[in-house]
Amino acid sequence: MDWQGQKLAEQIMQIMLLVFAVTAFVAGYVLGSFQMMVLVYAGGVTLTGLITIPNWPFFNRHPLNWLDPSEAEKHPKPQVTVSSKKKGSKK
């Protein structure tokens with residue numbers, strides 16, 4: 001799953017859970033049944049998991065292009081420099 005696929009999966013998950021929560025509340029309220037509310041929400045959570053957890057092909061529309069090891073050796077890693085100056089030190 002690529003980065004944009006992860007974002008899409010999270011957006012789908014949030015929307016589906018919200019829709020099923022509202023639907024479950026309304027169904028439970030109208031029917032006067034707490035059990036029905038819990039069953040509708042549990043079904044929604046299960047369906048949401050089945051849609052968003054597996055690595056479906058539509059979550060891989062923007063694959064990352066990795067460098068070959070030979071190409072990585074041609075480009076040196078950036079060096080991190082540490083500054084010894086302290087900012088804002090008062091005596």
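Between the OH atom of Y41 and the CG atom of L17 there is a distance of 4.5 Å, given to the nearest 0.5 Å. Separation of atoms CE (M1) and CG (N55) is listed at 5.0 Å; rounding is to 0.5 Å. Between atom OG1 of residue T52 and atom CD of residue Q11 there is a gap of 12.5 Å, rounded to the nearest 0.5 Å.
More than 12 heavy atoms of other residues, nucleotides or ligands sit less than 6.0 Å from atom CE of M16. Remark: F34 CZ is loosely packed, at most 12 non-hydrogen atoms of other residues, nucleotides or ligands lying under 6.0 Å away. Within 6.0 Å of CD on E10 lie no more than 12 heavy atoms contributed by other residues, nucleotides or ligands.
Pairing each heavy atom of D2 with each of G5, the nearest pair is OD1-N, 2.5 Å. Residues G49 and P54 approach most closely at O-CD, 3.5 Å, considering heavy atoms. The shortest heavy-atom contact between G28 and M37 is CA-CB, 3.9 Å. In plain terms, the two heavy atoms of I12 and F59 that are nearest each other are CD1-CE2, 4.3 Å. For the residue pair L31 and M36, the shortest heavy atom distance occurs at CD1-CG, 3.7 Å.
Hydrophobic clustering (side-chain heavy atoms under 4.5 Å, transitive across Ile, Leu, Val, Met, Phe, Trp, Tyr) groups V45 together with M13. At a threshold of 4.5 Å between side-chain heavy atoms, the hydrophobic network of Ile, Leu, Val, Met, Phe, Trp and Tyr places L47 and L8 in one connected group. Linking Ile, Leu, Val, Met, Phe, Trp and Tyr whenever their side-chain heavy atoms come within less than 4.5 Å leaves L39 and F20 in two separate clusters.
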